[in-house]
Structure formats: structure tokens, C-alpha cells
Colleague: 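This is the structure I want to talk about, given as C-alpha cells.
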Amino acid sequence: MTAHTACVLTIGDELLNGDVVNTNASWLGQILRRIGIPCRTMLTVSDKPDQILQALEQVWQAHDLIIITGGLGPTRDDVTKKVLLSFFEDKLVRNERVLEMVTNYFERKKRP
């Protein structure tokens, strides 16, 4: 049996320019090791669509599992969702149940 391999792909200019330490990648690598899935690649890319797409194309065939973190924010200029939709030739759908859960969470925290 062939061992499964993983890639951790982190997205964000703030990671590349040193404003934020990439603790997500380290934590995910530790979790993957604990559950017996070797992390063979950790890759950090810019928030630029072409960089995200190029990274996905690079790791897609080489790994059984790709974990993507970062790049998704509440701002209108976020491009990660659009790149993922393009890569997978898919579209976003609104899940009313999940929306209700998230809305309730923020209401309980008294946050908009």
C-alpha cells in the first residue's frame, strides 16, 4: 500500500513579507505527522490569482491531500475563492443552514 502524502498551501502576502508568522503551516504539519500522513510539501504563495493557480497546478497531481489556509478574508478584494472555483470548474452555493449557524454565532458574540 502506498502512503498518502499531504501538502500545506498557505496563501498571503503578509506571510511572505514577514508581517505574520506562519504558525498555521507548522501546526498543520504537526497534526499531519500525528495522524500518520507525511507532509511532503509546504508552500506559501502571494495573494495574487496567478500565484495561487500556479501553486495548485504544481501540487495537485503530486499529493493525495492538499490543505489550503489563508487567503480567505471578509474583504471584497479576496481572490482565493474565485481561483479555487476556476481551478475546480465549480460555483459557489449558499448553504442557508450554515449561514444561520454563523449568523447565530456572531449574534451571541454581539458582533456584526
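What you see is a predicted model; the values in this text were computed from it and never measured. The residues of the chain are indexed from 1 along the displayed sequence.
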Colleague: To the nearest 0.5 Å, what is the distance between SG on Cys7 and CG on Asp64?
Modeller: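 So the gap between those two atoms works out to 11.5 Å.
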
Colleague: Checking side chain to side chain contact (heavy atoms under 4.5 Å, CB included) for the pair Gln54/Asp50: CA distance, chi angles, key distance, verdict?
Modeller: CA-CA 6 Å; Gln54 184 179 16; Asp50 61 321; 5.8 Å; no

Colleague: Report yes or no: does Asp13 contribute a side-chain atom to a donor-acceptor pair with the main-chain N or O of Ser46 at less than 3.5 Å?
Modeller: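 No; judged by distance alone, with no hydrogens or angles, the pair does not exist.
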
Colleague: Do Ile11 and Gln51 touch side chain to side chain, with heavy atoms closer than 4.5 Å?
Modeller: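 No - every pair of side-chain heavy atoms lies 4.5 Å or more apart.
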
Colleague: For Ile37 and His4, work out which heavy atoms get closest and say how close.
Modeller: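 Shortest heavy-atom separation between Ile37 and His4 comes out as CG2-O, 3.9 Å.
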
Colleague: Kindly work out whether a path of hydrophobic side-chain contacts (I/L/V/M/F/W/Y, heavy atoms less than 4.5 Å apart) joins Ile52 to Val59.
Modeller: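 Yes, Ile52 and Val59 fall within the same hydrophobic cluster.
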
Colleague: Rounded to the nearest 0.5 Å, what's the gap from CE on Met42 to CD1 on Ile67? Could you check?
Modeller: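 Atom-to-atom, Met42:CE and Ile67:CD1 are 9.0 Å apart.
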
Colleague: When you compare the side chain of Leu99 with that of Arg94, does any pair of heavy atoms fall below 4.5 Å?
Modeller: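 In contact.
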
Colleague: What I'd like to find out is whether the side chain of Val83 reaches to under 4.5 Å of the side chain of Leu85, using heavy atoms alone.
Modeller: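 No, their side chains stay 4.5 Å or more apart.
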
Colleague: Got a second to check how far Asn95's CG is from Met101's CE, nearest 0.5 Å?
Modeller: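 These two atoms lie 9.0 Å from each other.
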
Colleague: Please report the shortest heavy-atom distance between Leu43 and Ala55, naming the atom on each side.
Modeller: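 Scanning both residues, the minimum pair turns out to be CD2-CB, 3.7 Å.
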
Colleague: Within the structure provided, determine whether Leu28 and Thr10 are in side-chain contact (heavy-atom separation under 4.5 Å).
Modeller: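 Heavy-atom side-chain distance check fails, nothing below 4.5 Å.
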
Colleague: Work out which heavy atom in Leu32 is nearest to a heavy atom in Ala6; give both atom names and the distance.
Modeller: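 Looking at all heavy atoms of both residues, the shortest contact is CD1-CB, 3.8 Å.
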
Colleague: Checking Leu84 against Ile68 for the side chain to side chain contact (heavy atoms under 4.5 Å, CB included) test, could you report, in this order, the C-alpha distance in whole Å, the side-chain angles of both residues, the deciding distance, and whether it holds?
Modeller: CA-CA 10 Å; Leu84 290 171; Ile68 302 171; 3.8 Å; yes

Colleague: Would you call Glu100 and Thr103 a side-chain contact if the rule is heavy atoms closer than 4.5 Å?
Modeller: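 With C-beta onward as the side chain, the pair stays apart.
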
Colleague: Closest heavy-atom contact between Cys39 and Val8?
Modeller: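 So the two residues come closest at SG-CG2, 3.9 Å.
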
Colleague: Is it possible for you to say whether Ile66 and Leu53 belong to one hydrophobic cluster, with membership spreading through side-chain heavy-atom contacts below 4.5 Å?
Modeller: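 In one cluster: yes.
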
Colleague: Between atom CZ of Arg40 and atom CG of Leu65, what is the distance when rounded to the nearest 0.5 Å?
Modeller: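 These two atoms lie 13.0 Å from each other.
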
Colleague: May I ask you to check whether over 12 heavy atoms, not counting those of Phe88, lie within 6.0 Å of atom CZ?
Modeller: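 Yes, CZ of Phe88 has more than 12 neighbouring heavy atoms, counting only those of other groups under 6.0 Å.
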
Colleague: Check the pair Phe87, Glu57 against side chain to side chain contact (heavy atoms under 4.5 Å, CB included), reporting the backbone distance first and the verdict last.
Modeller: CA-CA 8 Å; Phe87 184 79; Glu57 289 169 347; 3.9 Å; yes

